Amino acid sequence: MNFTLFDLKIVEYSFFITAILVIMIGLYGALVKKSLIKVVIGLSIFDSGINLLLISIGYITSGTAPIFSPALVKDMPLTLENIKKLSEGMVDPVPQALVLTAIVIGFGVTAVALSLVIRLYRHHQTLNIDEIKNLKW
Amino acid sequence: MIYYLILIFFLLLLMIGAAIYSIVQKDLLYAVIGTGLISLVLSILFLLLQAPDVALTEAAIGVALTTIIFIITIKNTVRFEDEVYQKKPSKTEAK
């Protein structure tokens with residue numbers, strides 16, 4: 001009987017639980033904390049959790065990376081049947097492409113938020129969000 | 001096989017611990033180092049989840065660039081989280 005630990009799906013479920021816990025921690029930091037830099041740190045943690053959740057949804061147990069290397073193809077004509085046969089044990093490449101874009105967009109969002117934090121500090125001399133009340137600069 | 005499971009569980013627990021540490025920590029510079037640790041662990045997890053291109057991008061952007069812009073922000077503003085609670089004389093109060 002070929003029974004391994006991967007048949008229990010324990011790896012995939014632990015990835016899901018960890019990603020959702022990290023998302024909850026980031027949401028807590030973004031909503032509760034008073035310091036504006038802590039809010040941006042919470043948003044960054046939130047991004048990391050969502051990226052891990054998307055990548056672990058696309059993972060199949062004991063799959064390989066979705067790359068057609070020349071050693072894998074081996075002078076095989078690339079017909080539709082051969083491509084289907086070669087890509088059986090590969091993980092899903094669509095969430096990986098989405099996450100690759102989402103990482104760069106998350107970096108841009110963090111940079112814009114931190115530049116706004118610096119502008120607010122130079123105007124108000126504080127970072128407490130309870131003291132920054134007025135809308136007029 | 002069991003070593004692989006132990007490695008994955010260790011990395012997941014390290015990620016949760018670093019997230020809690022960077023939210024709870026009052027010194028913002030240490031909290032930023034905690035987010036860098038989250039990104040580093042996330043990069044290793046992407047490599048274990050058979051996504052090497054995402055792992056390379058996360059290691060470059062998440063570990064290096066995000067930490068650098070957070071440190072630049074802390075250098076231009078306050079370092080400790082408690083400093084934001086102190087009442088400082090501002091320009092709007094003088095009016």
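Throughout, a chain's letter reflects where its sequence line sits, starting with A, and its residues are numbered from 1. Since the structure is predicted, the reported quantities are computational estimates derived from the model, not experimental observations.
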Contacting region of [X] [heavy-atom separation from chain B under 4.5 Å]:
X        : result
Ser56(A) : both
Ile41(A) : both
Ile45(A) : side chain
Phe15(A) : both
Val40(A) : both
Ile67(A) : side chain
Asp47(A) : neither

Checklist line | Choice from Thr110(A), Leu52(A), Asn51(A) maximising heavy atom contacts with chain B below 4.5 Å | finding: Leu52(A)
Check: If you take all heavy atoms of Gln25(B) and Lys38(A), which pair is closest and at what distance?
Finding: O-NZ, 2.6 Å
Notebook entry, point to check: Closest approach of Leu37(B) and Ala18(B), non-hydrogen atoms and distance?
Noted result: CD2-CB, 4.0 Å
[X] portion near chain A, given a 4.5 angstrom heavy-atom threshold:
X        : value
Phe70(B) : both
Ile38(B) : side chain
Leu42(B) : side chain
Thr35(B) : side chain

Next item on the list: Apply the side chain to side chain contact (heavy atoms under 4.5 Å, CB included) test between Val32(B) and each candidate in Ile68(B), Asp27(B), Thr67(B); give the one that qualifies.
Entry: Thr67(B)
Item checked: Single-linkage hydrophobic cluster, 4.5 Å side-chain cutoff, Ile33(B) and Val63(B) together -> no
Next item on the list: Answer with yes or no whether the hydrophobic clustering places Val24(B) together with Leu29(B); edges join I, L, V, M, F, W, Y residues whose side-chain heavy atoms lie under 4.5 Å apart.
Entry: yes
Check: Mind checking whether Met90(A) and Phe68(A) have side chains closer than 4.5 Å, heavy atoms only?
Finding: yes
